[in-house]
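To start, the structure under review is shown below, and the notes come after it.
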Amino acid sequence: MAGGAASGGSAASDTYAKARHWLLMPSWMVLGFFVLMPVCLMVIYSFLTKEFRGGVIWEPTLAAYDQFFFDRGLFGDSDPTLQWTYLSIFWRSIWQAGLATILSLLIGFPTAYYIATRPASTRALWVFLITIPYWVNLLIRTVSMKFLLRDEGPMNDFLINIGLIGEPLQIINTNLAVQLGLFYSYLPFMVLPIYASVERYNFTMSEAAADLYATKFTTLRRIVLPAVKPGVIAGCILVFVPSLGAFLAPDLLGGAKNFMIGSLIEEQFKGNAGNWPFGAAASMVLLSMVIVILLIFAGQQRRAGAEQ
Amino acid sequence: MTIICLFILYAPLVVVTIYSFNASESITTWGGMSLRWYVDIFVGPESAKFQQAAINSFSIAIIAATVATAIATAAATAIVRGGKYRLRGPSLGLISLPIMVPEIVLAVATLIFFNSIGFTRGYMTILTAHTAFCIPFAYLPIQARMQGIEDTYEHAAMDLYATKTQAFRRILFPLMMPGIISGFLLAFIVSLDDFIITNFVKGAGIETLPTAIFGSVKQGLKPNIMAISTLLLGLSVVMVTISYFVSKSDNTK
């Protein structure tokens, strides 16, 4: 999803130059009022004092961030030490999202490569088949995954019936279930950008490499991979970023023990914790992380563009 | 490998579809083919709840997608056909903001916003939030489409003394139609699909289909959920198929 609308394209015709500000006004108003302003307000909230059970007192403080990063002992008077309660939730989220990304890369890359090397007439159909699951409600897909992976679910039944395992595998409510759920949720995001970059790749380059006695593996590593790298990076970001802030997969598949950032934030607003400034601060940490990733990505894309 | 990939993508959906036709009371044992859970969601004990949720979901999705598509069409015209100007970059940035910011962060921000301006949470808060975050999804296909249309068509019309408004209405707009339809469908699906933001900004007592399904699943998987899921799944497949054929039809030739 990152950078999708970032380029306005080069076809800058100016037929409607006079009306442009009127045409842009509705989007500025709606997005400014209901997206930009709320995000700014959230930044402010993260520096406010919490009120019991939701809401805030308008007194500036760093308490929310302090609670996130430091431990001041039971009575709040000992020297601050770095504490791991929340940092470890963040760390686990990064870890889970990372594993899900690697998993989708392993499955997604060969798939994208295969589709891009089909004849042009069947390619559209393959892409269509990959796209359908993306259009299906994420909640429904996650529920389907839960149904499939249950202890007494169809997958365990099947494995027991063919005699591969004697006892049902306990997958649900483990880290593995969360990774599988994230992987399953965002796999199409991995396939599509890689497909787009492999499709643009000029396969005569591979033939040239083969003519110069490169093995298939060397060709892949030295010629194909560098050429399709932007697509791979885009795919990884499109899987990693939404996985990082995911709520449904950890909540429905992971159970209470496998908390991720999304669940931590949700707990502050909808759950029992009810600490809005802390939730806003945790959202800020997540948002900053995503911004850093996107900036690195934008820099890389620019460099890749300059090289060509 | 592609087969494995497609298998992984479809297996859970197919399994749920099959089990939605299960006659048995339990979700584990197979009791033969039956439509009883489909009957159940329309006339069963929970049917009133799900019907209200469906009405909310669909009316919000239709209104939000329509408004978002109109706003996005205007914005795309200004950005693709508005020449070069300073506000162009920031406008694009603002439009893509809802897809750059993680959904949960947007949900938190929106909740805080509505709360601090003293808006009572309910149908209207869901509708406004949906309209806002649907704009980029409607915008992307429309922009892509408009970039593919040469401006020679409008110029030809204006050479023949059409006004700019006429050139837009009679030439550019019809040519953009496939992009607009794709944009609308994508926005519609995204709104219908949304759980996280809706869950944050909805008030007590109002449900959309995803929040109703989520609430139900939290109490345990039940066969009627499989039936609703299968219906929604079918709807998504129909819509993506329409979108596929619309975007394939090229009316510029």
Side-chain angles (χ1 to χ4, degrees), chain A residues 1-2 4-6 8-9 11-17 20 23-24 26-28 30-31 34-39 41-42 45 107 110-111 114-115 128-129 131-133 135-141 143-145 147-148 152 154 187 245 247-248 252 262 265 269 279-280 283 286-287 290 294, chain B residues 1-2 5-6 9 12-13 15-16 28 71 74-75 77-84 88 91-92 94-105 108-113 116 128 131-132 135-136 139-140 147 151 154 189 193 195-196 200 210 213-214 217 221 229 232-233 236-237 240 244:
Chain A
M1 282 184 251
S13 145
D14 58 0
T15 320
Y16 298 100
R20 65 196 179 200
L23 290 168
L24 280 175
S27 41
W28 271 93
V30 173
L31 292 170
F34 294 109
V35 177
L36 195 59
M37 213 151 86
V39 172
L41 204 59
M42 184 187 80
Y45 257 57
I107 302 278
T111 308
Y114 176 84
I115 295 176
F128 178 60
L129 286 175
T131 329
I132 290 180
W135 286 65
V136 174
N137 198 312
L138 179 63
L139 174 64
I140 291 180
R141 281 186 288 153
V143 170
S144 313
M145 203 65 177
F147 179 75
L148 189 70
E152 61 275 18
L187 181 58
F247 168 72
L248 285 174
L252 289 175
I265 295 173
F269 293 94
S283 307
L286 171 63
L287 184 61
V290 170
L294 291 181
Chain B
M1 209 61 188
T2 311
C5 181
L6 287 176
L9 284 174
L13 303 179
V15 166
V16 163
T28 313
I71 293 174
T77 312
I79 282 171
V80 183
R81 291 287 203 261
K84 284 197 190 320
R88 196 167 174 267
S91 301
L92 263 175
L94 183 64
I95 289 170
S96 29
L97 197 61
I99 35 181
M100 307 277 230
V101 174
E103 211 185 344
I104 186 116
V105 175
V108 166
T110 317
L111 170 64
I112 287 176
F113 173 73
S116 62
T128 26
T131 307
I135 291 175
Y139 178 82
L140 288 176
Q147 277 168 347
D151 61 355
E154 297 133 72
I189 285 281
D193 194 278
F195 169 75
I196 296 181
F200 268 71
I213 293 174
F214 182 81
V217 169
L221 285 170
S229 301
L232 281 176
L233 204 151
S236 301
V237 173
V240 67
Y244 175 73

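It should be emphasised that the depicted structure is a prediction, and the values quoted were computed from it without experimental measurement. Naming convention: chains lettered A, B, ... in sequence-line order (proteins, then strands); numbering from 1 in each chain.
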Using heavy-atom distances under 4.5 Å, tell me whether [X] contacts chain A through its side chain, its backbone, both, or neither.
X        : result
B/Ile135 : side chain
B/Leu9   : both
B/Glu103 : neither
B/Phe195 : side chain
B/Leu6   : side chain

Side chain from CB out, backbone as N, CA, C, O: work out which of these in [X] comes under 4.5 Å of a heavy atom of chain B, or both, or neither.
X        : result
A/Val136 : both
A/Leu23  : both
A/Tyr45  : side chain

- Message: Restricting to non-hydrogen atoms, name the atom on A/Ser283 and the atom on A/Met42 that form the minimum distance, rounded to 0.1 Å.
- Response: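 That would be CB-SD, 3.8 Å.
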- Which pair of non-hydrogen atoms, one from B/Ala132 and one from B/Pro98, has the smallest distance, and what is that distance?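 That would be O-CG, 4.2 Å.
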Counting heavy-atom pairs under 4.5 Å to chain B, which of [options] comes out on top?
options                      : result
A/Ile107, A/Leu139, A/Leu31  : A/Leu31
A/Leu252, A/Ile115, A/Leu129 : A/Leu129
A/Pro133, A/Gly279, A/Gly245 : A/Pro133

- In terms of heavy-atom pairs under 4.5 Å with chain A, which of B/Ser116, B/Ala75, B/Cys5, B/Pro210 leads?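 Going by pairs under 4.5 Å, I would pick B/Cys5.
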- Option in B/Pro102, B/Pro12, B/Ser236 with maximal non-hydrogen atom pairs under 4.5 Å from chain A: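 Top count of heavy-atom pairs under 4.5 Å with chain A: B/Pro12.
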- Between B/Tyr139 and B/Leu92, does a side-chain contact (heavy atoms from CB on, under 4.5 Å) hold up when you go through it step by step? CA-CA 10 Å; B/Tyr139 178 82; B/Leu92 263 175; 3.6 Å; yes
[X] versus [Y]: any side-chain heavy-atom pair under 4.5 Å?
X        : Y        : answer
B/Leu232 : B/Ile213 : yes
A/Tyr16  : B/Val80  : no
B/Ile104 : B/Phe200 : yes
A/Val143 : B/Val16  : no
A/Leu248 : B/Phe214 : yes
B/Ile99  : B/Leu140 : yes

